[in-house]
Amino acid sequence: RKEVEQDPGPFNVPEGATVAFNCTYSNSASQSFFWYRQDCRKEPKLLMSVYSSGNEDGRFTAQLNRASQYISLLIRDSKLSDSATYLCVVTPIKAAGNKLTFGGGTRVLVKP
Amino acid sequence: DAGVTQSPTHLIKTRGQHVTLRCSPISGHKSVSWYQQVLGQGPQFIFQYYEKEERGRGNFPDRFSARQFPNYSSELNVNALLLGDSALYLCASSLAWGANPYEQYFGPGTRLTVT
């Protein structure tokens with residue numbers, strides 16, 4: 001079983017609609033959680049961190065469920081520019097240094 | 001200030017050849033991590049270097065090796081290339097070991113195609 005799993009999609013979303021997708025992780029000792037965005041053939045860029053209490057950044061809402069070992073990302077009022085692959089990232093215990101464990105990514109296509 | 005730079009941006013190699021990829025971290029950063037991203041998958045951790053020492057290694061064969069130089073730049077070497085080594089190779093730079101993602105910066109990557 002992969003450490004971090006995501007539905008690869010694509011999620012085809014009408015412009016202005018809401019889309020949500022999850023990411024599951026297998027290591028219950030995982031320390032921190034993040035969402036990255038990756039545009040086609042570009043490097044991943046940090047979108048937001050994920051807190052247990054849930055957090056928002058504009059149209060983006062992230063949540064963590066430690067009991068069920070998943071995190072989620074919700075995008076409201078989708079824009080054409082939101083089309084990208086969204087990567088879930090888990091960081092292990094401190095002793096692992098800077099290692100980031102990425103999921104396979106969820107592709108989102110926002111259409112007019 | 002310059003960000004993380006990687007060279008070359010693209011290259012094409014033949015099976016069995018050797019390749020060297022280079023990364024220059026942000027000025028003052030002492031840690032470099034390497035990731036491999038095969039098309040359609042997420043990046044996979046290969047190595048982490050800090051202060052010129054290997055501090056972490058992912059699940060990659062011995063054909064993959066790396067080093068960090070006194071100026072903190074880094075090279076990733078791959079021997080006996082296989083078709084499956086075709087990927088985007090990403091370098092991430094950070095000031096220290098144990099940096100969180102807000103403190104790590106990715107370069108644009110090197111796209112390697114093995115034919």
Side-chain angles (χ1 to χ4, degrees), chain A residues 1-10 21-27 30-51 55 57 62 64 71 73 84-108, chain B residues 3-6 9-10 23 25-26 29-51 53-60 68 74 86-113:
Chain A
R1 182 185 174 189
K2 291 183 179 179
E3 288 186 70
V4 183
E5 294 196 77
Q6 296 182 247
D7 182 338
F21 40 90
N22 293 339
C23 162
T24 59
Y25 60 96
S26 61
N27 186 352
S30 297
Q31 188 176 53
S32 304
F33 307 87
F34 302 84
W35 284 103
Y36 277 69
R37 171 198 170 118
Q38 187 172 29
D39 294 304
C40 189
R41 305 179 80 83
K42 299 284 190 180
E43 72 274 24
K45 294 189 177 177
L46 180 61
L47 180 65
M48 60 193 299
S49 51
V50 187
Y51 302 125
N55 50 296
D57 184 357
L64 165 64
I71 68 173
L73 182 66
T85 296
Y86 291 85
L87 297 161
C88 165
V89 168
V90 170
T91 63
I93 59 175
K94 273 284 189 182
N98 298 356
K99 177 185 174 183
L100 303 177
T101 301
F102 286 84
T106 295
R107 191 170 171 215
V108 172
Chain B
V4 181
T5 59
Q6 293 187 243
T9 53
H10 300 84
C23 171
I26 291 170
H29 283 197
K30 298 181 178 180
S31 180
V32 168
S33 300
W34 286 96
Y35 292 81
Q36 179 198 63
Q37 186 174 22
V38 172
L39 192 63
Q41 298 181 22
Q44 297 297 306
F45 173 77
I46 311 176
F47 286 110
Q48 181 193 352
Y49 276 77
Y50 176 64
E51 287 283 16
E53 290 187 5
E54 182 184 304
R55 293 298 193 98
R57 174 186 283 255
N59 188 23
F60 279 81
Q68 187 175 32
S74 178
S86 295
L88 179 67
Y89 288 84
L90 295 159
C91 169
S93 155
S94 63
L95 191 60
W97 188 73
N100 67 50
Y102 285 99
E103 301 164 332
Q104 297 188 45
Y105 301 85
F106 280 93
T110 292
R111 187 163 299 279
L112 170 66
T113 302

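Each chain gets a letter, A, B and so on, in the order the sequences are listed, and its residues count up from 1. All values below come from the heavy atoms of this structure, side chains included, with hydrogens, waters and symmetry mates left out. Here the structure is a predicted model, which means the values were calculated and not measured.
Heavy atoms closer than 4.5 Å to chain A are found nowhere in B:Ala92, neither backbone nor side chain. With a threshold of 4.5 angstrom between heavy atoms, A:Leu87 approaches chain B through side-chain atoms but not through N, CA, C or O. Contact of B:Glu103 with chain A is not made at all, since no heavy-atom distance falls under 4.5 Å. Looking at A:Arg41, the atoms closer than 4.5 Å to chain B (heavy atoms on both sides) sit in the backbone and in the side chain alike. For A:Gln6, no part lies near chain B; criterion is any non-hydrogen pair under 4.5 Å. The parts of A:Pro44 that come within reach of chain B are both its backbone and its side chain, each placing non-hydrogen atoms under 4.5 angstrom from that chain. Only the backbone of B:Gln41 comes within less than 4.5 Å of a heavy atom of chain A; no side-chain atom from C-beta onward does.
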Inset, instruction - Just do the side chain to side chain contact (heavy atoms under 4.5 Å, CB included) check on A:Met48 and A:Leu73 with the steps written out, would you? - result: CA-CA 10 Å; A:Met48 60 193 299; A:Leu73 182 66; 3.9 Å; yes
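Taking the six-membered ring where the residue is Trp, A:Phe33 and A:Tyr25 present tilted rings, their angle falling between 30° and 60°. Relative orientation of the B:Tyr102 and A:Phe34 rings is perpendicular, given thresholds of 30° and 60° on the angle between their planes. Below 30°, between 30° and 60°, or above 60°: for B:Tyr105 and B:His29 the angle between ring planes is between 30° and 60°, a tilted geometry.
The residue among B:Gly109, B:Ser94, B:Ser31, B:Pro108 with the most heavy atom pairs within less than 4.5 Å of chain A is B:Pro108.
For A:Arg37, the CZ atom counts as densely surrounded, since its 6.0 Å shell holds more than 12 non-hydrogen atoms of other residues, nucleotides or ligands.
If you check the side chains of A:Ser49 and A:Tyr51, you find a donor sitting under 3.5 Å from an acceptor.
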